[in-house]
Amino acid sequence: MQELLKQVFGYDSFYPLQQEIIASVMQGRDTLAIMPTGGGKSLCYQLPAIKMTGMAIVVSPLIALMKDQVDQLRVSGVAVALINSSLSGAEIAQVQRAAQAGQIKILYIAPERLAAMGFASFIRDLPISLIAIDEAHCISEWGHDFRPDYRELRILRQWFPRVPMMALTATATDKVRADIVTQLQLREPAVFLASFDRPNLKYVVMPKKGMATSLHDLLDKYRGQSCIVYCFSRKGTEELAESLQHSGFKAAAYHGGLDSATRSHVQDQFIRDEIDMIIATIAFGMGIDKSNVRLVVHCDLPKSVEAYYQETGRAGRDGLPAECVLFFSHGDRRKHAFFIDQLETEAEQQKAWAKLEEVLRFGDLSTCRRQYLLGHFGEVMPRDKCDNCDNCLGETVQVDATDVTRTILTAVQATRESFGIGYVASVLLGKSDERSERFNHHLLPVFGTLKAHKKTELVSIIRQLISLHLLAQSTGEYPVLLMTPKGRDFLEQKQSLSLSSSMQPKSGKGLDQSIDAMPVDPILFDRLRILRKSLADQRGVPPYVIFGDKTLREMAAYFPQSETSLLQTFGVGRQKWEQFGLEFLGVVRDYARETGVNEIQRAVSRSPAPKYLGVTYSQTRELLRSGLGLEAIAARRGLVPATVLGHIEKLLQQEPDLSIEHLRPDESQLEIIHRALAAAGWSLVAAKENLGEKYSYEAIRLARIFLRRNQD
Ligand code: ADP
Ligand code: ZN
């Protein structure tokens with residue numbers, strides 16, 4: 001399978017759970033796979049389908065997505081076809097003949113085909129190897145995307161009682177999961193649930209205030225790369241698209257009010273890299289599978305955390321760094337009121353408000369945003385910090401908030417937990433009005449004690465206290481502040497607290513311009529992109545069907561100039577080499593000749609760096625593996641040796657077998673340092689004091705790495 005993975009798709013290793021899922025299918029077991037967007041679901045049925053004898057059936061609900069997959073497989077040399085409503089009768093007959101002649105390995109079909117005249121007799125006579133149901137949650141009424149056609153899929157089990165069936169989805173609550181199993185009559189299915197973490201996505205929240213400027217700056221940073229900007233209203237998308245066009249961006253609006261020709265034109269241009277920015281209502285995104293979206297912006301509040309996760313999930317499907325930015329204001333809560341009011345029952349409305357409240361909490365967080373998102377899907381992050389959200393990256397400033405917190409909590413108690421955030425803030429600011437006088441709140445000791453603050457500041461602090469569970473809010477349109485047990489403890493036990501003063505967090509630097517250890521040459525990258533575009537246009541397919549961005553970036557970093565080295569490149573399989581290899585080599589060779597740059601040899605083993613560590617770690621790792629010493633790595637990277645040692649320690653945690661033997665101090669040195677460390681309870685500082693000038697901190701720390709390793 002590993003070989004097939006490289007040969008057909010050009011990838012070196014599997015994503016988490018792919019291998020396990022494939023093994024389960026190959027054993028003939030029914031299998032349910034739940035993986036996040038970009039987790040690599042398609043490969044889980046494509047590889048077994050290629051390997052097994054007979055033809056696999058893949059059911060997929062979206063014509064655009066189906067076409068995309070078929071294009072991609074075809075370019076990779078897989079015998080694949082599709083049957084859906086976009087085909088004429090004659091075309092369908094042709095596909096059927098090819099299937100009967102055994103010329104097709106994978107047949108994609110739309111669910112409604114099952115009920116079509118003559119389909120049953122056609123399909124039942126064929127040697128079917130595997131049945132895969134993509135977007136399997138569509139079968140459940142409990143899910144968010146129920147499609148009645150999916151109910152027809154039950155018939156497949158009757159037609160093919162012995163063929164292994166797999167169901168794949170990115171979203172499934174327990175209830176939906178159980179429903180999928182029942183509806184499809186899966187038999188003792190093996191269930192695989194992948195982590196929903198998307199480590200390459202960076203989450204950033206920025207204040208809505210001043211958005212016009214900061215959005216412009218943000219998009220400027222991503223000029224020439226694919227971005228999706230979500231707005232709440234159709235009018236909002238059009239106005240923004242227009243103003244961006246005026247600023248020279250290749251942007252277009254997309255929303256449900258446009259006629260379908262315009263919509264598919266815009267979508268097409270985006271997929272073909274002809275426009276960079278889609279300014280859309282949430283109507284956009286379903287059924288597009290563009291892997292190189294680098295930035296997803298929300299200008300308004302999403303309606304729930306699930307929706308936010310899904311919408312931001314459209315970024316970075318190629319695994320390269322991508323950024324998700326939310327422009328955040330509590331004021332936007334109001335925009336949702338109109339829609340929520342239209343929900344039929346009180347209960348539904350309450351639920352919708354509660355979901356919105358969770359989004360507000362996400363915006364207010366002063367702790368790790370990824371942890372919050374994952375927690376939402378019942379997943380516990382193994383670490384406290386992800387190092388890839390604004391809060392973990394310290395892009396927000398921490399200030400002591402002990403006194404303010406005590407005062408606020410006291411005010412909530414003193415007003416008997418019966419008022420909302422705005423009112424409590426006014427009391428603290430000393431604003432008296434008819435209401436405060438009616439309740440005698442102007443006589444409270446806390447009245448006016450936080451006069452020195454701005455109202456927006458106080459409100460923001462109160463929000464953060466809610467997100468820290470020191471306060472809670474009732475649900476409904478007019479929520480009141482409530483004390484929590486944690487809040488009471490805080491008051492009683494005189495605890496202290498720092499909060500982020502998140503008035504102006506900055507977003508990151510955009511896509512890091514390097515892959516592994518090597519910088520990407522922007523001129524070569526552009527030339528490769530131009531070649532890719534023309535090859536794609538000739539074939540009438542989107543550019544990423546030819547090669548993904550990651551592949552081009554690797555070429556522009558390593559300058560491969562032979563068949564062997566091009567085949568070592570990520571995403572270059574046998575078939576793609578044969579179709580496009582020489583042309584890409586030609587561009588690289590020409591450029592190398594012009595600039596006098598040589599091909600860069602890769603380290604021999606190419607097992608990928610642990611994904612969740614950032615680029616800076618993989619650069620250190622690559623240099624380590626090319627045999628460089630500590631000083632040399634530090635010099636190459638422009639870092640101090642201590643930082644490199646930090647990298648090594650962290651890398652070893654993820655990858656204990658990492659080869660660092662060439663850094664090993666000699667035995668007598670190790671021995672001396674060992675004694676000093678043991679005597680000092682393994683504290684560097686204490687050991688250094690004992691050892692004196694003769695040994696540097698770095699030497700001791702390096703020795704400690706080896707000593708700990710021996711112990712393990
Ligand atoms: P999903 O359907 O789960 O959202 P896809 O199957 O579309 O994800 O895969 C997302 C992207 O990741 C695709 O571009 C795919 O080619 C790529 N991919 C899948 N598996 C691997 C792998 N093992 N190594 C590298 N890239 C992969
Ligand atoms: Zn984080």
Side-chain angles (χ1 to χ4, degrees), residues 1-2 4-6 8-19 21-22 33-47 58 60 62 65-66 68-69 71-73 75-76 132 134-136 168-171 192 194 196-205 285-293 310 313-320 322 324 362 365-375 381-396 500 505 508 542-551 554 569-573 576 606-608 611-612 614:
M1 279 297 169
Q2 185 104 28
L4 209 54
L5 179 71
K6 178 64 200 166
V8 180
F9 297 98
Y11 303 144
D12 288 298
S13 54
F14 287 102
Y15 281 169
L17 291 188
Q18 280 183 330
Q19 216 164 359
I21 294 169
I22 290 170
I34 303 146
M35 287 172 128
T37 311
K41 284 184 283 299
S42 328
L43 264 182
C44 297
Y45 54 79
Q46 289 166 349
L47 274 184
V58 179
S60 173
L62 298 159
L65 217 69
M66 220 187 275
D68 210 82
Q69 295 228 346
D71 283 344
Q72 300 206 29
L73 286 170
V75 169
S76 302
D134 208 356
E135 312 287 349
L168 305 105
T169 174
T171 50
F192 296 91
F196 272 64
D197 190 11
R198 303 274 313 276
N200 59 320
L201 300 191
K202 173 176 175 181
Y203 299 101
V204 175
V205 175
M286 269 303 280
I288 82 145
D289 180 26
K290 188 168 171 48
S291 65
N292 62 344
V293 174
Q310 193 156 26
R314 293 175 185 139
R317 292 179 70 152
D318 53 11
L320 290 172
C324 311
F362 173 79
L365 284 179
S366 53
T367 50
C368 178
R369 299 202 198 271
R370 186 180 310 275
Q371 191 175 41
Y372 182 85
L373 287 178
L374 289 179
M381 206 169 76
R383 299 148 295 141
D384 264 359
K385 295 180 90 188
C386 74
D387 293 334
N388 202 18
C389 74
D390 50 358
N391 286 335
C392 288
L393 291 168
E395 288 169 6
T396 49
S500 63
Y544 55 79
V545 165
I546 307 288
F547 283 129
D549 277 12
K550 190 166 176 194
T551 305
E554 268 201 39
T569 305
F570 176 90
V572 183
K576 287 199 181 175
R606 288 202 68 231
S607 73
K611 283 197 116 173
Y612 23 87

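Whatever order the structure lists them in is the order used to number ligands and atoms, beginning at 1. Since this is a predicted model, take the numbers as computed values, not measurements. Basis for what follows: all heavy atoms, side chains included, without hydrogens, waters or symmetry-related copies.
With the Zn ion (ligand 2) as the vertex, SG (Cys386) and SG (Cys389) define an angle of 110°, rounded to 10°. For the pair SG of Cys368 and SG of Cys392, the angle at the Zn ion (ligand 2) is about 100°; rounding is to 10 degrees.
In summary, the atoms of ligand 1 found under 4.0 Å from a heavy atom of Phe570, numbered by their order in the structure, are 25 (C), 26 (N). Residue Ser42 has at least one heavy-atom neighbour below 4.0 Å for each of these atoms of ligand 1: 2 (O), 5 (P), 6 (O), 7 (O). Of all atoms in ligand 1, listed by their number and element, those nearer than 4.0 Å to a heavy atom of Thr37 are 4 (O). Per-residue contacts place Phe14 under 4.0 angstrom from the following atoms of ligand 1 (heavy atoms of the residue considered): 23 (N). Atom numbering of ligand 1 starts at 1 in the shown order; those under 4.0 Å from a heavy atom of Ser13 are 22 (C), 23 (N), 24 (N). Within ligand 1, the atoms closer than 4.0 Å to a non-hydrogen atom of Gly38 are 1 (P), 3 (O), 4 (O), 8 (O), 10 (C), numbered from 1 in the order shown. Atoms of ligand 1 found under 4.0 Å from any heavy atom of Pro36, numbered from 1 in the order shown, are 3 (O).
Gln69 and Ser42 are linked by a side-chain donor-acceptor pair at a separation below 3.5 angstrom, with hydrogens and angles left out of the test.
The side chain to side chain donor-acceptor pair (under 3.5 Å) with Tyr544 is formed by just one residue from the set Asp71, Thr551, Asp68; it is Asp68.
Residue contacts with ligand 1, taken as heavy atom pairs separated by less than 4.0 Å, do not involve Ala170 at all.
Distance from atom 17 (C) of ligand 1 to its nearest protein heavy atom, with residue and atom name: Tyr11 OH, 3.7 Å.
Ligand 1 is never approached by Gly548 to a heavy-atom distance shorter than 4.0 Å. Not a single heavy atom of Met35 sits closer than 4.0 Å to an atom of ligand 1. Ligand 1 has at least one atom lying under 4.0 Å from a heavy atom of Leu43.
With Glu135 contributing its side chain and Thr169 its backbone, the two residues share no donor-acceptor pair below 3.5 Å. Checking side-chain atoms of Asn391 against main-chain N and O of Cys368 turns up no donor-acceptor pair under 3.5 Å. Of the possible polar contacts, one joining the Arg370 side chain to the Asn388 backbone as a donor-acceptor pair under 3.5 Å is found.
In this structure, Arg369 forms a cation-pi arrangement with Phe362, its terminal cationic atom sitting closer than 6.0 Å to the ring centre and no more than 45° off the ring axis.
No salt bridge links Asp134 with Lys41; every basic N to acidic carboxylate O contact stays at or beyond 4.0 Å.
Within a 4.0 Å radius of atom 13 (C) of ligand 1, the protein has no heavy atom.
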